[in-house]
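Notes for the one structure printed next.
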Amino acid sequence: MDVDRTADIFDDTLGEEEEEELTAEEVLQKLEEAWVNEKNSPELLEPKMEFVECMLEQMESMEQNLETLKKGDLRIYVHKMEIARIKFLINSYLRSRLDKIQSYFYHYSQVPDADNPSKLTKEETEFLEKYQRSVGELFQDICFRHLQGSVDFSQTTMKPPQPNIEGAVFINVLKSLRGLEIRDTAGSGRDETLDLEEGDQHLMQYSGISHLIEGGVVKLV
């Protein structure tokens, strides 16, 4: 998705963005990477709403500039396809995050602390609260109100669904890293230390590399 090819009708927009640290094309690449990471991560990652908001503003400018082209100009169809692709990317990114919130709403409703800070945006927190209330009301209507007495879930041994951070994921190494410690979660004492070389691809346990995603050392594929 080459934003530079559209510079002929987006001169004003790109001229303003050249003063920023990232160009529109670079922001789009960052958003694409965040989207792929979010799609392949079993848990919520740090939100990249600054990229989403930037591309929404860019799309608005692009749509306004399209109005300056004459009817029948082939560039209109090309640029509309580009806008549609950006919309899909943003929608899919946000939908991936909401899907995880819905699947593990009890997990993400726990009070965050220093060891487990919240990765929800303000809007996602509001969505979570509404979704949790809706699920509670549904269970109350179809099940709990028909039971005698009260149900104390704190006394049950059942655990609510949680993200499977022990599962395997494919990673692409963006920056070389020496001495990555991989813990043997099976408790067999088979801990090991690995060296990651830039450009390598590995199949690894998510919990062992999750901290490297935000630092840009690896990305999920």
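Computation of the quantities below employed the complete heavy-atom set of this structure, encompassing side-chain atoms and omitting hydrogens, waters and symmetry-equivalent molecules.
A salt bridge between Glu197 and Arg178 is present, with a side-chain N of the basic residue lying under 4.0 Å from a carboxylate O of the acidic one. For Glu32 and Arg85, the salt-bridge test fails: no basic side-chain N is under 4.0 Å from an acidic carboxylate O.
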Query raised in the report: Hey, mind stepping through Lys219 and Ile171 against side-chain contact (heavy atoms from CB on, under 4.5 Å) and telling me if it holds?
Result: CA-CA 6 Å; Lys219 66 177 181 179; Ile171 65 168; over 6 Å; no
**Report entry** Intermediate values then yes/no, side-chain contact (heavy atoms from CB on, under 4.5 Å), Tyr131 and Gln102
**Finding:** CA-CA 7 Å; Tyr131 184 77; Gln102 289 178 307; 3.6 Å; yes
Report task. Determine, step by step, whether Lys100 and Glu124 satisfy the salt bridge (charged side-chain N to carboxylate O under 4.0 Å, His left out) criterion, reporting the C-alpha distance in whole Å, the side-chain angles of both residues, the deciding distance to 0.1 Å, and the verdict. Result -> CA-CA 11 Å; Lys100 294 177 185 178; Glu124 289 171 341; over 6 Å; no
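Here CZ of Phe88 is found 5.0 Å from CH2 of Trp35. Values are rounded to the nearest 0.5 Å. The distance from atom CD of Glu33 to atom CD of Gln29, rounded to the nearest 0.5 Å, is 9.5 Å. The distance from atom CE of Met81 to atom CD1 of Ile76, rounded to the nearest 0.5 Å, is 14.5 Å. Atoms CG and CG, on Asp195 and Asp200 in that order, are 10.5 Å from each other to the nearest 0.5 Å. Between the NZ atom of Lys130 and the CZ atom of Arg133 there is a distance of 7.5 Å, given to the nearest 0.5 Å. In this structure, the separation between OG on Ser61 and CG on Asn65 is 6.5 Å, given to the nearest 0.5 Å.
Glu38 and Ser96 share no side-chain donor-acceptor pair at under 3.5 Å. For the 3.5 Å distance criterion, the side chains of Glu43 and Tyr206 qualify, holding a donor opposite an acceptor.
The hydrophobic cluster containing Ile213 also contains Leu194, counting ILVMFWY residues as joined when their side-chain heavy atoms lie under 4.5 angstrom apart, directly or transitively. Both Leu69 and Met59 are members of a single hydrophobic cluster when ILVMFWY side chains are connected at heavy-atom separations under 4.5 Å. Following chains of ILVMFWY side-chain contacts shorter than 4.5 Å, one can reach Leu89 starting from Leu94, so the two form part of one hydrophobic cluster. Hydrophobic clustering, with ILVMFWY side chains joined whenever heavy atoms are under 4.5 angstrom apart, keeps Leu174 apart from Val218. Residues Leu45 and Val173 are members of one and the same hydrophobic cluster, defined by side-chain heavy-atom contacts under 4.5 angstrom among Ile, Leu, Val, Met, Phe, Trp and Tyr.
At a threshold of 4.5 Å between non-hydrogen side-chain atoms, the residues Val27 and Leu22 count as touching. At least one side-chain heavy atom of Leu56 sits less than 4.5 Å from a side-chain heavy atom of Ile90. Residues Ile86 and Leu28 form a side-chain contact, since some pair of their non-hydrogen atoms from C-beta on lies under 4.5 Å apart. The side-chain heavy atoms of Tyr106 and Gln162, taken from C-beta on, include no pair separated by under 4.5 Å. Looking at heavy atoms from C-beta onward, Leu31 lies in side-chain contact with Val52 at the 4.5 angstrom threshold. Taking the side chain as every heavy atom from C-beta outward, Met55 and Gln58 approach each other to under 4.5 Å. Taking 4.5 Å as the limit, every side-chain heavy atom of Glu181 sits out of range of all side-chain heavy atoms of Asp191. Using a 4.5 Å heavy-atom cutoff, the side chains of Phe127 and Ile101 are in contact.
Across all their heavy atoms, Leu66 and Lys80 have their closest contact at CD1-CG, 4.1 Å. Residues Gly215 and Lys175 approach most closely at O-NZ, 3.9 Å, considering heavy atoms. Of all the heavy atoms in Ser176 and Glu198, the pair that sits closest is OG-N, 3.0 Å. The minimum heavy-atom distance linking Thr121 with Pro47 is given by the pair CG2-CB, 3.6 Å. Minimum interatomic distance between Leu120 and Arg97 (heavy atoms only, all atoms of both residues): CA-NH2, 4.4 Å. Smallest separation of non-hydrogen atoms from Ala168 and Leu203: CB-CD1, 3.8 Å.
A distance-only check finds a donor-acceptor pair linking the side chain of Ser103 to the backbone of Asp99 [under 3.5 Å]. Judged by distance alone, the side chain of Glu26 and the main-chain N or O of Thr23 form a donor-acceptor pair under 3.5 Å.
Aromatic ring orientation, Tyr108 versus Tyr104: perpendicular (interplanar angle above 60°, classes split at 30° and 60°).
Crowding of Lys30 atom NZ: a count of heavy atoms from other residues, nucleotides or ligands under 6.0 Å not exceeding 12.
Each of Ile209, Asn37, Asn40 was checked for a side-chain contact (heavy atoms from CB on, under 4.5 Å) with Val169, and the lone residue meeting it is Ile209.
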